[in-house]
Amino acid sequence: MAVPSPKSPEPSERSRKYDRQLRLWGDQGQQDLETAHVCLINATALGTEILKSLVLPGIGAFTIIDTEIITEDDVGSNFFLTADRIGEKRGSVASQLLCELNPDTRGHFVDESLLKLLDLNPIMFNKFTVVVTASLHEKEIIELSHKLWEFNIPLLVCQSFGFFGSMRLQLAEHTMIKTHPDNQNPDLRLDCPFQALKDHFDSYDLEALDLTNHLHVPYLVILYKHLEKWRKNIDDNNALPETYKDKQIIRQNIKNSIRKHDNGTLHHEENFEEAIRSVNFAYNRTLLPTDIQGIFKDEKLLNLTSYSRPFWIMVKALKDFVENEGCGRLPLRGTLPDMTADTFKYISLQQLYHEQAIKDVEIVYNRVQQLLQNLNLPDDTISEHDVKVFCKHASELCVIRGTRIADEYEHKGNTDNEICQSLEDPDSLIEHYVILRGIERFYSEYYTYPGEIDEQVEPDIPKLKSCISKLLNEWGCMSSTKEDCIHEYCRYGNSELHSVSSFIGGCVSHEIIKLITQQYKPVNNSFVYNAINCSTECFTL
Amino acid sequence: MSESDTRRWNHLKKILERSSPFCHPDFEPGTGILDFLQNSCKLLVVGAGGLGCELLKDLAMMGFGNVHVIDMDTIDLSNLNRQFLFRKKDVNSSKAEVAAKFINERVPTCHVTPHHCKIQDKNEDFYRQFHFVVCGLDSVVARRWINGMLVSLLSYDENQQLDNSTIIPLIDGGTEGFKGNIRVILPGITPCIDCTLDLFPPQVTYPLCTIASTPRLPEHCIEYIKLIQWPKDNPFDSNIDTDDPAHISWIYEKSLERADEFGINGINYRLVQGVIKNIIPAVASTNAVIAAACVTEAFKVATSCCPLLNNYAVFNDADGIYTYTYEAERKSDCITCSPTTAKYLDIDDTNVRLEKIIEMLSEHPQYQMRNPALTIELEEKRKTLYMPNVPSIELKTRPNLKMTLEQLGIADGCKLLVADITNPRAFEIILRIKNNYVNME
Ligand SMILES: [Zn+2]
């Protein structure tokens with residue numbers, strides 16, 4: 001029955017080069033990266049640091065929009081500009097030096113002002129997967145935000161100023177299938193075993209087993225047997241041990257069923273010890289997670305059209321499954337955690353979970369096909385493999401709907417309120433977000449940054465303070481920012497510290513990778529970094 | 001400094017030449033600080049890999065002028081997705097040398113000196129020349145060795161008062177996937193690496209009986225081929241070379257056969273490689289973040305412009321972006337940084353064999369030795385009990401492993417001298433034996 005093993009697939013150069021990251025986001029994630037096109041506006045140190053950690057993992061293409069000429073200041077903070085190129089176009093040199101990092105990435109440069117592009121050629125933005133900006137001014141932020149919201153392209157607005165920095169993400173809608181949750185409970189269904197699983201459990205007679213076999217029974221079987229026994233005792237066929245007391249009773253029962261030596265001491269039965277340790281999580285009732293309930297109520301499901309994205313078509317099929325065949329439960333995940341057992345006992349149990357999961361996928365896939373037909377969409381719009389991945393991750397699906405950044409600047413929506421409330425916490429880093437907004441306002445009024453020249457540090461303090469007060473007023477906030485904090489920002493005088501930009505750049509590039517691969521949850525939706533005490537904080541604005 | 005050099009540093013000069021309410025109390029703004037960074041301050045970067053490349057770039061861009069880098073490794077194709085100072089043409093060259101050359105050309109205000117060797121090849125005099133050390137390693141053993149070296153350079157006066165001028169701060173960064181950590185260590189003052197050994201995740205190991213007789217996971221099959229089949233078949237007349245594709249392919253094929261035999265699914269080449277080479281996933285972005293945070297601390301150490309991180313920070317951007325900082329505590333009986341406190345190993349009785357003592361030293365949460373050599377002082381004479389690193393002595397001392405403490409003449413209170421790759425210095429452990437069967441006559 002031995003089948004000759006196939007010759008080992010010699011990994012391609014691409015998979016060797018990207019090996020360390022493929023282990024995190026997989027081949028699909030890598031493919032998404034390689035077809036993405038990211039636009040950076042302003043090749044400052046922060047801007048090029050963001051692109052650096054996108055070019056290295058192999059993003060398909062980037063475009064830099066920048067009209068600046070390289071100065072000595074730039075060379076002192078930006079690793080991708082050099083002294084011998086002072087006087088040349090900043091975006092051109094940055095693009096060239098960034099491309100040297102990875103021959104797989106194409107770099108482009110547009111020597112035109114953002115406002116002009118938005119006015120004359122806004123359609124060019126449609127080709128970008130994500131747009132990210134550094135050191136943008138108020139008016140530019142507002143216009144870009146409107147346009148990209150309309151195009152449904154994610155926008156990240158980033159700042160690096162002295163020892164502080166921020167990122168604000170604008171997303172109309174973002175859906176994720178693989179969110180990679182950290183500590184996920186296994187999907188065991190002890191409370192509601194499917195028929196094949198129940199039959200399998202019933203086929204065991206623990207007391208009749210010889211010692212060797214007793215030592216190798218998977219703990220799931222032990223837990224199921226003891227659940228049955230406990231239910232019989234309390235005369236309730238549906239009960240689950242929920243209280244500490246109930247769980248203690250079952251733990252004690254399991255302990256009592258461990259085999260004993262002739263002298264009365266207990267055998268070392270690791271599987272029984274595992275069973276005792278698992279009582280806490282393994283008897284959970286299989287329910288529809290609240291987050292998924294929320295997604296099922298989404299208005300996108302009410303009117304599916306031929307323009308609906310595959311994600312929403314699959315969600316609809318999933319919902320129909322849950323309400324019919326699933327009896328209120330998601331499709332079985334179909335994976336079994338490792339547990340002490342002999343090979344045969346473990347593999348047969350694993351096989352049952354696997355087969356049931358395949359059956360569930362088939363039902364969901366048929367429902368997807370039906371929906372596609374009703375919507376007059378081709379059969380291959382969604383493949384069976386897509387549905388398989390979708391079902392396997394059904395409990396971790398996530399939908400994020402963001403707010404428009406322009407609304408915050410134009411005082412629409414609820415952002416004002418969010419900022420005011422966060423400001424009431426004196427330890428919150430939101431104060432720095434407000435000051436950074438104040439600095440943007442300062443620039444709009446004076447066409448320079450506070451403290452840019454040595455002599456201006458002191459006189460700029462009250463000016464910046466008044467800019468911030470105006471903002472707070474517009475938001476209807478009673479709070480004020482601390483004087484010494486404002487002084488600190490005037491000291492920075494728009495200096496960009498490389499290590500601060502590099503920290504924020506790394507964070508922002510990973511957020512962009514999350515958006516492109518639709519894996520892992522992004523920050524929703526703002527983030528502030530304080531390099532003085534190495535802290536970060538996220539806000540939903 | 002030339003005028004254009006002065007203008008290059010406009011960003012740093014604002015921070016270093018202006019005062020502010022947020023500054024450290026000892027901070028005195030002025031032009032001397034940048035001059036110190038550029039001309040006097042001398043520091044060492046340990047590791048020129050994922051973190052190392054970032055550290056060198058960040059240090060050069062933050063005004064440091066004299067940096068040394070030490071790394072024994074050569075460049076591999078799988079480094080190129082994050083170690084951005086290397087190109088495809090550099091594969092198989094020294095990491096330290098290529099990285100240094102790149103920085104020296106790109107940032108002329110910084111001179112990087114490469115050392116293509118093991119950290120153990122350098123002596124105390126080498127390490128003593130630096131103002132501080134920044135560490136970007138993926139190996140716990142190497143980290144502990146550097147830590148031990150810097151602690152060993154401390155000197156104390158007759159009243160056991162630490163001579164502050166002998167402190168060489170250590171800034172340490174580590175990453176794994178989307179997680180990372182940063183710590184600032186002032187040897188002799190704040191907790192050292194060995195004070196907080198429990199912070200490192202335990203290594204995944206599978207019990208040998210599972211691997212041999214009840215495999216359930218693809219990993220069990222791969223481990224079987226590695227630990228049992230390879231030594232038996234000895235297919236290439238050598239130990240496993242994890243960088244030789246022919247070796248990995250052989251293991252892949254045999255693992256697949258074994259998995260088929262047991263009905264186990266999930267063997268693929270990537271997994272085989274991961275298990276055999278113990279691969280830790282890595283991305284450019286996490287390295288960028290952790291190295292940047294380390295260099296910000298390095299900048300604070302060198303300039304006193306702000307208070308230092310006190311003393312540990314963790315980072316994770318798998319779900320949103322998360323950081324947490326806290327003050328780890330020193331252990332009063334740390335094997336490395338508490339020289340005057342006695343260290344003990346508790347043993348049940350003298351019927352215990354020497355090999356058990358070695359196992360206990362490896363598993364002890366505060367010692368976590370890797371491959372210790374043991375010497376004992378008996379009646380003022382030193383006797384080598386076991387020496388794993390020198391083949392001829394290993395052979396001579398191997399029979400001792402099976403002997404009990406009693407047979408070796410070891411009793412309660414005996415002083416064991418332990419040398420291990422986790423520390424440049426050997427140290428003393430007192431054996432505390434509960435039931436002492438040795439006849440004292
Ligand atoms: Zn210590």
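Chain letters run A, B, ... following the sequence lines, proteins first, then strands; residues in each count from 1. Keep in mind it's a predicted model, so treat the numbers as computed, not measured.
Looking at Cys490(A), the atoms closer than 4.5 Å to chain B (heavy atoms on both sides) all sit in the backbone: N, CA, C or O. Of the two parts of Lys13(B), neither the backbone nor the side chain holds a non-hydrogen atom closer than 4.5 Å to a non-hydrogen atom of chain A. Interface residue Phe80(A): backbone and side-chain heavy atoms are both found under 4.5 Å from chain B. Residue Phe79(A) touches chain B through both its backbone and its side chain, counting heavy-atom pairs closer than 4.5 Å. With a threshold of 4.5 angstrom between heavy atoms, Ile264(B) approaches chain A through its backbone and through its side chain. Contacts of His510(A) with chain B are made by both backbone and side-chain atoms, with heavy-atom separations under 4.5 Å. Only the backbone of Ser213(B) has a heavy atom closer than 4.5 Å to any heavy atom of chain A. Using a 4.5 Å cut-off between heavy atoms, Ile347(A) touches chain B through its side chain atoms alone. No part of Ala45(A) comes within reach of chain B, as not one of its non-hydrogen atoms sits under 4.5 angstrom from that chain. Within the 4.5 angstrom heavy-atom criterion, only side-chain atoms of Phe163(A), from C-beta onward, approach chain B. Interface remark: Ile321(B) contributes backbone and side-chain atoms alike to the contact with chain A (heavy atom separation under 4.5 Å). Both the backbone and the side chain of Glu13(A) come within contact range of chain B, with heavy atoms under 4.5 Å apart. With a threshold of 4.5 angstrom between heavy atoms, Leu22(A) approaches chain B through its backbone and through its side chain. Heavy-atom distances place no part of Asp84(A) under 4.5 Å from chain B, backbone and side chain included. Within the 4.5 angstrom heavy-atom criterion, only side-chain atoms of Thr82(A), from C-beta onward, approach chain B. No part of Gln519(A) comes within reach of chain B, as not one of its non-hydrogen atoms sits under 4.5 angstrom from that chain. Residue contact with chain B, scored on non-hydrogen atoms closer than 4.5 Å, is absent for Val55(A). Of the two parts of Leu77(B), the backbone and the side chain both hold a non-hydrogen atom closer than 4.5 Å to a non-hydrogen atom of chain A. Both the backbone and the side chain of Cys534(A) come within contact range of chain B, with heavy atoms under 4.5 Å apart. Neither the backbone nor the side chain of Thr109(B) comes within contact range of chain A, judged by heavy atoms closer than 4.5 Å.
Interface summary for chain B: among Thr340(A), Ile50(A), Ile86(A), the most heavy-atom pairs under 4.5 angstrom belong to Thr340(A). For chain B, the option among Val523(A), Asp342(A), Leu24(A) with the highest count of heavy-atom pairs below 4.5 Å is Leu24(A). Ranked by non-hydrogen atom pairs under 4.5 Å with chain B, the options Ser499(A), Cys538(A), Gly506(A) are led by Ser499(A). Of all the listed residues (Gly451(A), Gly505(A), Ser509(A)), the one sharing the greatest number of non-hydrogen pairs under 4.5 Å with chain B is Gly451(A). Chain B forms more heavy-atom pairs under 4.5 Å with one residue of Asp27(A), Asp74(A), Asp19(A) than with any other, namely Asp27(A). Chosen from Trp25(A), Tyr492(A), Tyr529(A), Tyr18(A), the residue pairing most often with chain B at heavy-atom distances under 4.5 Å is Tyr492(A).
Residues Arg7(B) and Asp73(A) are not paired through a salt bridge, judged by the lack of any N-O separation under 4.0 Å between the basic side chain and the carboxylate. Salt-bridge annotation for Lys57(B) and Glu49(A): present, with a side-chain N of the basic residue lying under 4.0 Å from a carboxylate O of the acidic one. For Lys521(A) and Asp317(B), the salt-bridge test fails: no basic side-chain N is under 4.0 Å from an acidic carboxylate O.
The number of heavy atoms from other shown groups lying within 6.0 Å of NE2 (His354(A)) does not exceed 12.
Relative to the six-membered ring of Phe84(B), Lys52(A) meets both conditions, a distance below 6.0 Å and an angle of at most 45° to the axis.
No donor-acceptor contact under 3.5 angstrom links the side chains of Lys345(A) and Thr214(B), judged on distance only.
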Test side chain to side chain donor-acceptor pair (under 3.5 Å) on Ser53(A) and Ser285(B); report intermediate values, then the result. CA-CA 5 Å; Ser53(A) 299; Ser285(B) 59; 5.8 Å; no

